Student: 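Next up is a structure, given as structure tokens.
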Amino acid sequence: MTDFSGPARTRIAPSPTGDPHVGTAYMSLFDRVIADKTGGQFILRIEDTDRTRYVADSEKQIFESLRWLGLNFDEGPDVGGSKGPYRQSERLPMYHKAAEQLVKEGKAYKCFCTEDRLETLRKVQQAEKAKHQGYDGLCRSLTPAQVAENEKAGKKCVVRFKMPREGEIHVEDRFRGTLKFLAAEQQDTVLLKSDGFPTYHLAMVVDDTHMGITHVIRAEEWLPSFPLHHELYKAVGAKPPMFAHMPLLRNKDKSKISKRKNPTSLLWYRDAGFLPEAMINFLAMMGFSMPGEKEIFTYQEFLAEFSLDRVNLGGPVFNVEKLHWLNGEYIRRLKPEELEKRLVNHAKLLMGREREFLDIPEENLPKETFLKEFEKKRLRWSRTLASLAPTLMTAYEVNPKLLLPIIPLIQERMHTLCEAADYIPMFFTNEFKYAKDDFIPKKSTIEAAKKSLTEMRAMLADFDFNDPDAKQALDMRGRDKAEELGVKVGDFFSPVRIAVTGSKVSPPLIESMLVLGQDEVLKRIDNAIKFLG
RNA sequence: GGCCCCAUCAUCUAGCGGUUAGGAUAACGCCCUUUCAAGGCGUGUACGCGGGUUCGAAUCCCGCUGGGGUCACCA
């Protein structure tokens, strides 16, 4: 338990450059659990130092999606905290001060190289296939007089860090132990950009130090810049936190997860009807495993068993298909009242957004089959649910008796909230677009279908829908009737299913009929009989 | 290409010197069944390769191979 000797302070530092990323949630989960495990704090810091990629809405969406997942932060831009501000754009003086100090101490230097020079340098290095690519350190040897001259001329400059040039740099990763890098292979990285904003490297060290971060959980992609960070901590005279580099979430082809090949937006998962607790469970399964091979577990259980020793370093493929299954498990475990609530809220979320779900360009569909199919269906489901939302809300709020009885019939058929769209509409409309052929079971005839309908109609007209044993009674009578007519039970019920539900695939027929009520069912059967002529 | 990381079924993984290498998803088959599901049962598929260490390696070491990441005034 040397990992957690006292209250830990962890942080997630996303940059507001687009949709909230699933990787952000992944790291946040581990940050949150470490904070909880130690009675510490989890902090959200917005890394908005890149003005060119800044997206206005992004920050709000990050707050929203983390909270949707239950990954609440103890300190952050919209909740405050004693170590703020929590937006890097609001902490500029701190970075300037740190940069100036480093320059003054000779640990960093001003670099006046133009973008053009750097670009040609890069091209030459690539063409030459140079062993060590990167900044050549030209300005490192500038005399104070030369610097003054450049500044007087009003030349733009950046501040670069003076990396050691000889020896090895040893860094400590929680999972991998000591990692060794050759100093000669490092380069003098930019700390402060010419627009006055810091780069990630400077900002991270300054902020993590100031905010008292004790454990940095970040993706493996940061490993190459780890030596720089290590040296930076040394340069500012701060003790580095514990670093734990987690594996990268992967696409199906094992490359780093990307939105071209896999949905990466948390909003996508939310809109598609994945439950936050299923998402958390799934994310926790990426790289971490519970003792006893438990696969379905709550955050509390995760917290109770969590240990960095149970983290697996192989990059896990983010398999939406398995998430889909997991989500189904969670849906089935919900109390009907709870599922009802979630469903209505989900419809509310989608309400008025029909246009978004009309269609999407084919080329934007993920290549992999399951995702492609799911996305097509998801758009259809979302559209249906979006337009059904007012009805559902009314049913839920004004007449709770209307929606709740339907829930048990659809609950075990759904994997995502959106999938309710396959089963719910028939309870609210009887305008079906069926064809005559739909009524005819295989190897059967239209006459037989009509016979089923008229027989069933007669039976139902004379049946007490309020009978407590209605389900069993109807089932038995149906079977008897099928036998009497000399047809298969399935063939007998099939035309009725089309008539009542409008589809060959539906929730259980008898229970659906009982929910619909006698009048409505008879009406639907009459409609079908009339339709068949 | 340089540097770095990683390596058990298709996928998520259990395993931390001795197991018939286990579970889950997906696939397939059977059962249940008025459709679709859900559920039950079952089948197939894995320790990348080569050296060591050891009485004994999926487990430890080395090399190779493979995969990934990174080489920006992005994070």
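Note that the structure is a prediction, hence the values are computed from the model and not measured. Lettering of chains follows the sequences in order, A, B, ..., and the numbering in each one begins at 1.
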Student: Determine whether a donor-acceptor pair (one donor, one acceptor, N or O, separation below 3.5 Å) exists between the side chain of Arg176(A) and the base of rC5(B).
Tutor: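 A donor-acceptor contact between them is absent.
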Student: Across all strands, who's sitting opposite rC71(B) as a Watson-Crick or G-U wobble pair, both distances under 3.5 Å?
Tutor: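 Paired with rG1(B).
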Student: Taking the nucleotide of RNA chain B with the nearest heavy atom to each, does Trp325(A) or Lys180(A) sit closer to the 5' end?
Tutor: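 Residue closer to the 5' terminus by nearest nucleotide: Lys180(A).
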Student: How about Phe274(A) and His415(A): are their ring centroids closer than 6.0 Å?
Tutor: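 Not under 6.0 Å, so no.
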Student: Tell whether Glu293(A) reaches the base of rG22(B) with its side chain through a donor-acceptor pair below 3.5 angstrom.
Tutor: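 Indeed there is one.
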Student: Assign Lys256(A) to base, sugar-phosphate, or nothing according to its heavy-atom contacts below 4.0 angstrom with the strands shown.
Tutor: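 Sugar-phosphate contact only.
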Student: Measuring only the C1' atom in each nucleotide, how far is rU11(B) from rG44(B)? A whole number of Å is fine.
Tutor: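 Comparing C1' positions in rU11(B) and rG44(B) gives a spacing of 16 Å.
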Student: One pair to check against side-chain contact (heavy atoms from CB on, under 4.5 Å): Thr501(A) and Leu509(A). What are the steps and the verdict?
Tutor: CA-CA 8 Å; Thr501(A) 73; Leu509(A) 180 58; 4.3 Å; yes
Student: Which one is paired to rG29(B), where only Watson-Crick or G-U wobble pairs with both distances under 3.5 angstrom count?
Tutor: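 Per the H-bond distance test, rC41(B).
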Student: If we call it a pair only when both distances are under 3.5 Å in a Watson-Crick or G-U wobble match, what pairs with rA58(B)?
Tutor: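 No nucleotide pairs with rA58(B).
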Student: Any donor-acceptor pair under 3.5 Å linking the side-chain atoms of Glu419(A) with those of His324(A)?
Tutor: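 Note: His324(A) and Glu419(A) side chains meet the donor-acceptor criterion.
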Student: Using the side-chain contact (heavy atoms from CB on, under 4.5 Å) criterion, which residues pair with Met94(A)? Sequence neighbours excluded.
Tutor: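 Checked Met94(A) against side-chain contact (heavy atoms from CB on, under 4.5 Å); matches are Arg91(A), Val206(A), His210(A).
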Student: Does Ser289(A) place a side-chain N or O at less than 4.0 Å from the phosphate oxygens OP1/OP2 of rA14(B)?
Tutor: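 True: Ser289(A) side-chain N/O within range (under 4.0 Å) of rA14(B) OP1/OP2.
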Student: Checking all strands, does Ser194(A) fall into the base, sugar-phosphate, or nothing category for heavy-atom contacts under 4.0 angstrom?
Tutor: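 The answer is base, as Ser194(A) lies within the cut-off (heavy atoms under 4.0 Å) of a base atom.
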Student: Considering every strand and a 4.0 Å limit on heavy-atom distances, what is the contact class for Ser15(A): base, sugar-phosphate, or nothing?
Tutor: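 Sugar-phosphate contact only - Ser15(A) comes under 4.0 Å of backbone atoms but never of a base.
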Student: Give Met286(A) one of three labels, base, sugar-phosphate or nothing, depending on what nucleic acid heavy atoms sit under 4.0 Å from its own.
Tutor: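 Sugar-phosphate: the residue Met286(A), judged by heavy atoms under 4.0 Å, touches backbone atoms but no base.
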Student: Given the structure, check if the side chain of Lys322(A) and the base of rA26(B) hold any donor-acceptor pair shorter than 3.5 Å.
Tutor: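 Side chain to base: no pair below 3.5 Å.
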Student: Should the pair Arg250(A) and Phe318(A) be classed as cation-pi, given the thresholds of under 6.0 Å to the six-membered ring centre and 45° from the axis?
Tutor: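 The answer is no, since Arg250(A) fails at least one limit relative to Phe318(A).
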Student: Does rC47(B) have a Watson-Crick or wobble mate here (both distances under 3.5 Å), and if so which one?
Tutor: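 Its partner: none found.
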Student: May I ask you to say what Arg218(A) touches in the nucleic acid, namely base, sugar-phosphate or nothing, with a heavy-atom cut-off under 4.0 Å?
Tutor: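 Answer is nothing: Arg218(A) stays at 4.0 Å or more from every strand.
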Student: Please report, rounded to the nearest Å, how far the C1' atom of rA72(B) is from the CD atom of Gln126(A).
Tutor: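 Checked: the CD to C1' distance equals 11 Å.
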Student: Just call it for Pro14(A): base, sugar-phosphate, or nothing, with non-hydrogen atoms closer than 4.0 Å on any strand.
Tutor: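 It contacts nothing in the nucleic acid.
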Student: Using Watson-Crick or G-U wobble geometry with both distances under 3.5 Å, which nucleotide pairs with rA14(B)?
Tutor: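 Paired with no nucleotide.
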Student: Contact class for Gly315(A) (heavy atom, under 4.0 Å): base, sugar-phosphate, or nothing?
Tutor: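 Gly315(A): backbone/sugar contact only, no base atoms under 4.0 Å.
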Student: Check every strand shown and say whether Leu509(A) touches a base, only sugar-phosphate, or nothing at a heavy-atom separation below 4.0 Å.
Tutor: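 Here Leu509(A) touches the bases of the nucleic acid.
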